[in-house]
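Below: the structure, in structure tokens.
Just so you know, these numbers use all the heavy atoms, side chains as well, and skip hydrogens, waters and symmetry mates. These figures come from a predicted structure and were not determined experimentally.
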Amino acid sequence: MPASLAVVVTGAVAVGALARGGAGEQGDPRLPALVLALGVMAASVGLSGQDLALDRTAAVRWAPRRAAHVLLAGAVVAAVVGVMAAAVLPDVRTAGGEQATAAFVVRDAAGLMGLAALGAALAGGRYAWTLPFAWLSFAFFAPPATSTPTRVATWLLLPPGTPAGTWTALALAVTGTAAYAVAGPRR
């Protein structure tokens with residue numbers, strides 16, 4: 001956990017330095033989305049589980065603990081990025097359209113953490129980072145969001161309050177958290 005937190009903070013500071021160097025445009029949602037994805041990918045390594053035999057023989061139910069783990073990791077990433085956005089990325093946070101508002105950060109953190117949890121359930125904790133990375137990469141290079149399918153595909157970059165972005169993030173968060181809570185990480 002300390003290493004993941006250090007990666008989240010270091011990534012936010014590095015992206016903030018790049019943004020101040022002129023790499024980002026005013027109101028560009030790609031920088032906060034990149035920092036959120038970096039944080040989720042760093043936190044996703046903790047979704048590996050401990051031991052398969054321990055999971056099968058334990059007297060405690062693992063599903064609520066796994067769900068809480070995913071939700072807590074998403075909350076920590078959102079909190080760190082929210083604080084760092086206020087301190088390190090003030091231009092991106094307040095630029096035209098206010099792309100890095102709390103609603104934007106919470107929505108994207110929840111959706112990306114759901115993707116990481118789904119990745120852990122499907123491919124194991126070692127490769128849980130691949131789904132958030134792939135979706136972020138696609139969203140960066142996708143055509144402009146003019147139709148519903150492209151809005152769903154680029155939900156990470158849509159302004160807060162957009163129905164397609166909100167519902168897609170919610171569906172990914174619920175599906176990923178439920179899959180990870182019930183199935184656990186793949187071995």
What verdict does the side-chain contact (heavy atoms from CB on, under 4.5 Å) test give for Val35 and Leu31, after you've listed the backbone C-alpha separation in whole Å, the side-chain angles of each residue and the deciding distance to 0.1 Å?
CA-CA 6 Å; Val35 174; Leu31 289 174; 5.7 Å; no

With distance as the sole test, does Arg126 use its side chain to make a donor-acceptor pair with the main-chain N or O of Val45 at under 3.5 Å?
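Side chain of Arg126 to backbone of Val45, a donor-acceptor pair under 3.5 Å: no, none is there.
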
Rounded to the nearest 0.5 Å, how far apart are [atom1] of [X] and [atom2] of [Y]?
X: Met113; Y: Asp108; atom1: CE; atom2: CG; value: 14.0 Å
X: Leu115; Y: Thr175; atom1: CG; atom2: OG1; value: 9.5 Å
X: Arg107; Y: Thr168; atom1: CZ; atom2: OG1; value: 9.0 Å
X: Arg30; Y: Leu136; atom1: CZ; atom2: CG; value: 10.5 Å
X: Trp135; Y: Leu112; atom1: CH2; atom2: CG; value: 10.0 Å
X: Phe133; Y: Leu38; atom1: CZ; atom2: CG; value: 11.0 Å

Heavy-atom distance under 4.5 Å between the side chains of Pro185 and Leu47, does that happen here?
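A side-chain contact is absent here, since even the closest heavy-atom pair is not under 4.5 Å.
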
Are Phe104 and Pro159 close enough that some pair of their side-chain heavy atoms sits under 4.5 Å apart?
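They are not in side-chain contact.
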
Begin from the C-alpha positions of Thr166 and Trp155 and carry the test side-chain contact (heavy atoms from CB on, under 4.5 Å) through to its verdict.
CA-CA 8 Å; Thr166 303; Trp155 66 272; over 6 Å; no

Check step by step if side-chain contact (heavy atoms from CB on, under 4.5 Å) holds for Val152 and Trp167.
CA-CA 9 Å; Val152 168; Trp167 285 107; over 6 Å; no

